[in-house]
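Reading through the structure tokens given below for one structure.
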2 protein chains.
Amino acid sequence: MRPSIREALLKNAVTLFAGRGYHAVSLRDIAKAAEANVGSLTYHFGSKANLLKEIYERHTQPMNARRRELLGEARRISNPDERLMAIIRAYIVPAFISSSESDGGGAEFTRMRAVLSAEGNPDAQAIIADAFDETSRAFIEAIAECVPGASREGLVWRSQFLLGGLYYALINPERVSRLSGGAVNGEDREAAVGQLVEASYASFRSLAADTGAAADMIKQEKTA
Amino acid sequence: MRPSIREALLKNAVTLFAGRGYHAVSLRDIAKAAEANVGSLTYHFGSKANLLKEIYERHTQPMNARRRELLGEARRISNPDERLMAIIRAYIVPAFISSSESDGGGAEFTRMRAVLSAEGNPDAQAIIADAFDETSRAFIEAIAECVPGASREGLVWRSQFLLGGLYYALINPERVSRLSGGAVNGEDREAAVGQLVEASYASFRSLAADTGAAADMIKQEKTA
DNA sequence: GATCAATTTGTACATTTGTACAAATAGTAA
DNA sequence: TTACTATTTGTACAAATGTACAAATTGATC
């Protein structure tokens, strides 16, 4: 029970940015949510841009470390399909589930990343490119080894769609609930992870030279 | 050569909102981009919120009409796999490619939708839910008929991932170029459409009761 | 308790924001 | 031309914004 104003400011900033975007949230909004004074923000962070930078610095490293850790485990699986599934899971899970100590939560931070990415926030862009591209590349490499014959182009695009699906699941979960008439709960992150992993598995798997979707189609076309 | 200030304002507003988000763009930014005066915005649209509303009203109906038209054509295909592919394409293409007359372009409008959706813009939310949910539902129904045995949950989640992938392809194409080391051009919309259609096809197809990814995996597990 | 640094508060300031509106201009029909 | 409407311009204004900073408060060390 001592979240030290500084922590409270950071945490509330993530939540507010994730919910409304960067420019729609004022420093006074953040201060009010954290039950603190506006001045405390300039004192601790200097500027709004720097507050954002500190948020990224706090979450990026732990999240990617966890990803690399899980990727390392996944790579030891010999069966290529099982390995592919585990690799995809290693990429997705740390973005959805908050890691042990780092409060704020992986999902809220990821959602904030999604929103700032959509806004093309220039402060965020540089950090993201530096910190996340390397990790993404490592995952694409690992996935490539599971899907022999897959084109580099296909792999990169599918990794883009994977991240887009991940982001949108966090940004707009209400749509899932609405479209299903309430039968599916879009806020259920466990379910979202499971569905995204399976969908991405199929998406990557179809790049394989022999058992791709196109091949499937041609086969079925001929029998029809 | 007569884009009538009103048209220029609308068009530039879409571009700017799509690039930076709603709150980051001021009415003066829009006026300057359209080489017009600030006052012309209040004259033509009354308020910033209403400007947004008019943008949606202009693009939503034509885009969804085109989607329904293509969906109708796709449904006439008898082979379920070919039909599935055509249905997915019918959903994606109008969002990427600008329809004939409605200037502004489908892609720019879609990108704007993506950004405002990420920002949770309340003005946009109501319009989106009303205008697009019905169309999405129709597509999910049509897809369901192509994939016997697919769970409703799986279909809805995959439609969510499809839309997320679509949005993210428009929001952050630079990432594709970067991750591929320049080998793939993220701005190439033709390629993006093709890749997204194929990936989504595999994603939906894997929901089929017999040839799903899970079944594939179990099979491979046993032989390994 | 006294001293000093760290933090928190309150307030002030220049800019920018959306909006309003009167004056100027352009367009059109008689 | 003249009369009238539609549009465009310029400017004004209150509210909100990020930032700065002096004063007040708290916390720790001696």
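Order of the sequence lines sets the chain letters (A, B, ...), proteins ahead of strands, with each chain counted from 1. Below, each value reflects all heavy atoms present in this structure, side chains not excepted, and no hydrogens, waters or symmetry copies.
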Checklist entry - Can you tell me if A:Ser136 and B:Arg175 form a side-chain donor-acceptor pair at under 3.5 Å? => result yes
Item to check | A:Asp29 CG - D:dT17 C1' separation (whole Å) | outcome: 10 Å
Item to check | Step-by-step salt bridge (Lys or Arg N to Asp or Glu O under 4.0 Å) determination, A:Arg6 to A:Glu54 | outcome: CA-CA 11 Å; A:Arg6 193 171 198 282; A:Glu54 292 220 20; 2.7 Å; yes
Item to check | Integer-rounded Å distance: D:dG10 P and B:Leu27 CG | outcome: 17 Å
Item to check | Atom pair distance, as rounded to whole Å: NE2 in B:His23 and C1' in D:dG18 | outcome: 16 Å
Next on the checklist: Atom CD of residue position A:Glu174 - does it have more than 12 heavy atoms of other residues, nucleotides or ligands inside 6.0 Å?
Outcome noted: yes
Item to check | Near-strand residues of residues 43-54 of chain B, defined as heavy-atom separation under 4.0 angstrom from DNA chain C | outcome: B:Ser47, B:Lys48
Item to check | Euclidean distance, atom CD1 of residue A:Ile5 to atom C1' of C:dT9 [Å, nearest integer] | outcome: 10 Å
Next on the checklist: The test is salt bridge (Lys or Arg N to Asp or Glu O under 4.0 Å); show your working for B:Glu69 and B:Arg66 and say whether it passes.
Outcome noted: CA-CA 5 Å; B:Glu69 188 185 333; B:Arg66 181 80 183 126; 3.1 Å; yes
Checklist outcome for this item: Note: for A:Gly39 and A:Arg28 on DNA chain C, the residue whose nearest nucleotide lies more 5' is A:Gly39
Which pairs, protein N/O on one side and nucleotides 23-25 of chain C N/O on the other, fall under 3.5 Å?
none

Checklist outcome for this item: Sequence neighbours excluded, the answer for side chain to side chain donor-acceptor pair (under 3.5 Å) partners of A:Arg113 is A:Tyr167
Next on the checklist: Considering every strand and a 4.0 Å limit on heavy-atom distances, what is the contact class for B:Ser26: base, sugar-phosphate, or nothing?
Outcome noted: sugar-phosphate
Item to check | B:Leu41 CG - C:dC21 P separation (whole Å) | outcome: 17 Å
Checklist entry - Does a side chain donor of either B:Asn12 or B:Thr15 reach within less than 3.5 Å of an acceptor in the other side chain? => result no
Checklist outcome for this item: Between CD of B:Glu7 and C1' of D:dT8 the distance, given in whole Å, is 17 Å
Checklist entry - With a distance cut-off below 6.0 Å to the six-membered ring centre and an angular limit of 45° from the axis, does A:Lys48 pair with A:Tyr22 as a cation-pi contact? => result yes
Next on the checklist: Measuring to OP1 and OP2 of D:dG10, would you say a side-chain N or O of B:Asn37 lies under 4.0 angstrom away?
Outcome noted: yes
Checklist entry - CG of B:Leu9 versus P of C:dG18: gap in Å, rounded? => result 14 Å
Next on the checklist: If I take atom NZ in residue A:Lys32 and atom C1' in nucleotide C:dG10, what distance separates them, rounded to the nearest angstrom?
Outcome noted: 15 Å
Next on the checklist: Is it the case that the side chains of A:Arg205 and B:Ser206 hold a donor-acceptor pair, with the cut-off being a distance below 3.5 Å and no angle test?
Outcome noted: no
Next on the checklist: Could you tell me if the side chain of B:Ser203 sits less than 4.5 Å from the side chain of B:Leu162, heavy atoms only?
Outcome noted: no
